[in-house]
There are 2 protein chains.
Amino acid sequence: MTGLLGSMPATIYEVAQKAGVGIGTVSRVLNNSSQISPQTRARVLQVIDKLNYQPHAMAQGLARKKSLTIAALMPFFTGHFYVELLKGIQQATARHKYDLILYSIEDLHDKDFYLKRALQQRRVDGVLLVSLPLSDAYAKEFQRRKLPLVLVDTSHADFDSFTVNNQSGAHAAVQHLIRLGHKRLAMITGHRESKPAQLRYTGFRRALAEAGIKLPEGLLISSDTLSGESITLNDGFNKETGYRAMQKLLQLNGIRPTAVFVASDIQALGAMQAMQESGLRVPEDMALVGFDDIELAEYVGLTTIKQPMFQMGQRAVERLMALINDPNSPRQHRRIETELIIRDSCGAKKEIKHKH
Amino acid sequence: MTGLLGSMPATIYEVAQKAGVGIGTVSRVLNNSSQISPQTRARVLQVIDKLNYQPHAMAQGLARKKSLTIAALMPFFTGHFYVELLKGIQQATARHKYDLILYSIEDLHDKDFYLKRALQQRRVDGVLLVSLPLSDAYAKEFQRRKLPLVLVDTSHADFDSFTVNNQSGAHAAVQHLIRLGHKRLAMITGHRESKPAQLRYTGFRRALAEAGIKLPEGLLISSDTLSGESITLNDGFNKETGYRAMQKLLQLNGIRPTAVFVASDIQALGAMQAMQESGLRVPEDMALVGFDDIELAEYVGLTTIKQPMFQMGQRAVERLMALINDPNSPRQHRRIETELIIRDSCGAKKEIKHKH
DNA sequence: AGCCGCTTTGGAAGCCCTTCCATTTAGGAA
DNA sequence: TTCCTAAATGGAAGGGCTTCCAAAGCGGCT
């Protein structure tokens, strides 16, 4: 009995010998080459089946100068966002019969090390760079060697990228609040240097401008204007900044806003906590809309902007495959549109109930 | 200018030539072979550095019959549990200078396909099988060929495994409730066929027995004894089963328990909802302890049992590396101990307050 | 000078494929 | 039958490494 895998996996030579053909012929069968007579093909396939033969990927890779492998470099932080993204990436990769090597970048210094490793040692056929900046030196390398690269949740003028449309997402969120009748709006956001924070702010301003609403002094609160322990972390999107920002808003007694757009759900949770501690209710005393659609958002009934990460992962891989097949394919910068998820915190549901 | 990666990556031949040595010597330097004179080594290293040379992993793999790659097969379901596990796996893999190929198994039928692919095509040096059953046919293959395999969150007599100690976790949860003075306890759990559900039940019984407490009729509710839409899904751990189970408990008016051990957090959330709808408070009217420590648990203040998945992922990889280095190393079955996370739902915190 | 035994080095063979070129074979046309 | 063309096939070369064996270098001995 040969066993499922063969005691020592068979090689193309054994297949050729048992089938009474040359190795070239076996290779041609394996690669669906055109010039093979149906009988020979059948005979070879039969032997392949009997020996349970599968080609050795490394030998194939060496000969073909292709690895049928792509690498994804991503920071492994938070939950939902990356899990969904990874799911999408993994699924699409498998569908194309490619394998995925995953590199988790915990320190930005490691990035170039792993890039080099993926490219030069592993000879991956393409790279997915997620949420990480592309250094100029590597940008040049990728271009010079025409290596397929797709950026996800980050961007660079010279390479394909998929990013969430932060601006239109924020715009939709704010527009929603305005339609619900709010005229006095505030915004809580992350650090001013954070790109997503900037874009979400732009969307906010645009929605206000379109409705002819002005943003009074003090109704925009960025994380870096606050003080506290976890304030300086990352992009400023965390619970504490949300909490402190809301406290600050609540101190502006006279001109308290009736609705707040919070640029991240996690901050929105902090904000809700601050309101609760002041005895205020959401949305009655103040309506809230967040951004991200984290897992908790559903639980607490937070209206928010959902980013379709699964789909984004899939599409990024599709694009990468296209680039692998045609490295000269023109650049594409895709903005993935977000979705407004209406729950309780914006007050829309109550309003509907009133009307009936 | 050579560029970061070399216009076409250098080979060992170029290095040898520029350094004025033979390829064997370069190879020896690369692999830290002993018999090399310091001067030669220095010269070769210098050229390697200048050419930015890195060995071609596929050529190395082919020659060495080793890939410096491991594969992880896992179902990609839920959040926290797998994300943490994957983080641990990824980190430990990188520390050993191995690369990780990730296979997501969405359909059990795919499992053997990907196993075969990993083993026979990719020639990975070891496999991590997560939360998936090992079929007998493959078990034999792994044994015969002495292929390093480590099971995570699943087990098989003949292979190394890392599992959460469900029983002692449940025991700790229930013991905690008993220490808080509860004498009338109930349990809500998943399907009776689910292995974790069974083990958690055993832990529950053991804690009761040790305290001399009997479990009255009707105070154990398994998902498969309920009716409803999502009831039959997977292992029975979902919100709806928790909700229905609690409803059922609440109908037993006379003998309502004072505390409930819920075998999964997600069910505990459903149970809390049912209580809330009946106007009951947690923990005043009924204390609750869950299992899993999902993200929401912290938010709602659910006392629960935390499974240290990150650590488990790391340890599984460590073990796999040990097996790669010594395939005859004796089997080990490790049970990872859980941690009791005390929050509000068990009433312990209030009790402490009372005392002061 | 000649010899011995290390240490150090060079490079052929081998790992398992793909691909290309040469060769064989079959089928038609003359 | 003979010759020509196209289809089918065999297998050498090559891809970049490791490893092993043979050979060279070296220092100290006699």
Side-chain angles (χ1 to χ4, degrees), chain A residues 5-6 8-45 47-48 51-69 117 119-125, chain B residues 5-45 47-48 51-69 97 117 119-125:
Chain A
L5 305 173
M8 200 71 227
T11 69
I12 200 172
Y13 287 93
E14 303 173 43
V15 174
Q17 195 194 340
K18 292 234 182 203
V21 300
I23 55 165
T25 303
V26 177
S27 179
R28 258 160 257 147
V29 171
L30 246 42
N31 298 293
N32 291 309
S33 163
S34 45
Q35 309 301 59
I36 284 274
S37 76
Q39 306 92 299
T40 310
R41 150 168 283 123
R43 190 147 39 92
V44 172
L45 283 178
V47 176
I48 285 179
L51 292 186
N52 209 308
Y53 169 77
Q54 293 215 276
H56 189 306
M58 300 191 140
Q60 273 187 316
L62 191 58
R64 281 194 205 158
K65 294 164 179 289
K66 274 220 165 206
S67 61
L68 291 189
T69 292
R117 172 146 163 182
L119 258 28
Q120 226 173 319
Q121 304 206 160
R122 292 290 171 188
R123 305 291 168 104
V124 298
D125 297 339
Chain B
L5 306 173
S7 130
M8 200 70 225
T11 70
I12 200 171
Y13 288 94
E14 303 174 42
V15 174
Q17 194 194 339
K18 293 234 182 204
V21 299
I23 54 164
T25 302
V26 177
S27 178
R28 258 161 257 147
V29 170
L30 246 44
N31 298 294
N32 291 309
S33 163
S34 46
Q35 308 303 58
I36 284 273
S37 77
Q39 305 92 300
T40 310
R41 150 169 283 124
R43 191 148 38 92
V44 172
L45 283 177
V47 175
I48 285 180
L51 292 187
N52 210 308
Y53 169 76
Q54 292 215 278
H56 189 306
M58 301 192 137
Q60 274 187 316
L62 191 57
R64 280 200 251 214
K65 293 164 179 286
K66 273 219 164 208
S67 61
L68 291 190
T69 293
K97 305 202 184 305
R117 172 147 164 182
L119 259 27
Q120 223 173 323
Q121 304 208 156
R122 292 289 170 187
R123 306 291 168 104
V124 298
D125 297 338

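Values below: all heavy atoms of this structure, side chains included; hydrogens, waters and symmetry mates excluded. Predicted model only: the values in this text are computed from it and were never measured. Here is the naming used below: chain letters follow the sequence lines, and residue numbers restart at 1 for every chain.
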*Mind calculating the distance between CD1 (B/Ile23) and C1' (D/dC21) to the nearest angstrom?*
14 Å
*Does a nitrogen or oxygen in the side chain of B/Ser37 sit under 4.0 Å from OP1 or OP2 of C/dT9?*
yes
*To the nearest Å, give me how far apart NE2 (A/His56) and C1' (C/dC17) are.*
9 Å
*Please state how far atom CD in B/Gln60 lies from atom P in D/dG15, giving the value in whole angstrom units.*
18 Å
*Of the nucleotides C/dC17, D/dG15, D/dC17, which has the atom closest to the B/Leu62 side chain?*
D/dG15
*With nearest nucleotides of DNA chain C determined for B/Arg41 and A/Pro55 from heavy-atom distances, which residue corresponds to the more 5′ nucleotide?*
B/Arg41
_Measure CE/A/Met58 against C1'/C/dG14 and give the value in whole Å, please._
16 Å
*Supply the atom-to-atom distance A/Met58 CE to B/Arg64 CZ, rounded to the nearest 0.5 angstrom.*
10.0 Å
*Kindly compute the distance separating CG (B/Leu62) from NZ (B/Lys65), expressed to the nearest 0.5 Å.*
8.0 Å
_With side-chain contact (heavy atoms from CB on, under 4.5 Å) as the criterion, how do A/Gln54 and B/Leu119 come out once you've worked through the C-alpha distance, each side chain's angles and the decisive distance to 0.1 Å?_
CA-CA 10 Å; A/Gln54 293 215 276; B/Leu119 259 27; over 6 Å; no
*Check the distance between C/dC17's C1' and B/Arg122's CZ and give it to me in whole angstrom.*
14 Å
*Check: B/Arg43 side chain, B/Thr40 main-chain N or O, donor-acceptor pair, under 3.5 Å*: no
*Report yes or no: do A/Arg122 and B/Thr69 form a side-chain donor-acceptor pair below 3.5 Å?*
yes
*asked:* Could you tell me how far apart A/Asn31 (CG) and C/dC17 (P) are, to the nearest whole angstrom?
replied: 11 Å
_A/Ser27 side-chain proximity, nearest of C/dT18, D/dC17, C/dC17_ = C/dT18
*Reported CZ-to-CD distance for the pair A/Arg41 and A/Gln39, which is rounded to 0.5 angstrom*: 11.0 Å
_Test item: B/Ile12 and B/Gln60 side chains (from C-beta on) under 4.5 Å apart, heavy atoms_ = no
_Nearest-neighbour nucleotide for the A/Thr40 side chain, D/dG16, D/dT9, D/dA12 considered_ = D/dT9
*Do A/Tyr13 and C/dC17 share a donor-acceptor pair, side chain to base, under 3.5 Å?*
yes
*Could you tell me whether the phosphate oxygens of C/dC16, OP1 or OP2, come under 4.0 Å of any side-chain nitrogen or oxygen in B/Lys65?*
yes
_By nearest heavy atom, map B/Arg123 and B/Gly20 onto DNA chain C; which one lands nearer the 5' end?_
B/Gly20
_Is B/Tyr53 close enough to D/dC17 that one of its side-chain N or O atoms is under 4.0 Å from OP1 or OP2 there?_
yes
*Between D/dG16, D/dT9, C/dC16, which nucleotide has the shortest distance from any of its atoms to the side chain of A/Ile36?*
D/dT9
*Report the distance from atom NZ of A/Lys66 to atom P of C/dC17, rounded to the nearest whole Å.*
19 Å
*Under 4.0 Å protein heavy-atom contact, by nucleotide of nucleotides 20-27 of chain C - B base, S sugar-phosphate only*: B-------
*Consider the side chain of A/Ala63, meaning its heavy atoms from C-beta on, and name the nucleotide among D/dG14, C/dT9, C/dC15 that approaches it most closely.*
D/dG14
*Please state how far atom CZ in B/Arg64 lies from atom C1' in D/dC20, giving the value in whole angstrom units.*
16 Å
*Nearest-neighbour nucleotide for the A/Ile12 side chain, D/dT9, D/dC17, C/dT18 considered*: C/dT18
*asked:* Using a 3.5 Å distance criterion without hydrogens, assess whether the side chain of A/Asp125 forms a donor-acceptor pair with backbone atoms of A/Lys66.
replied: no
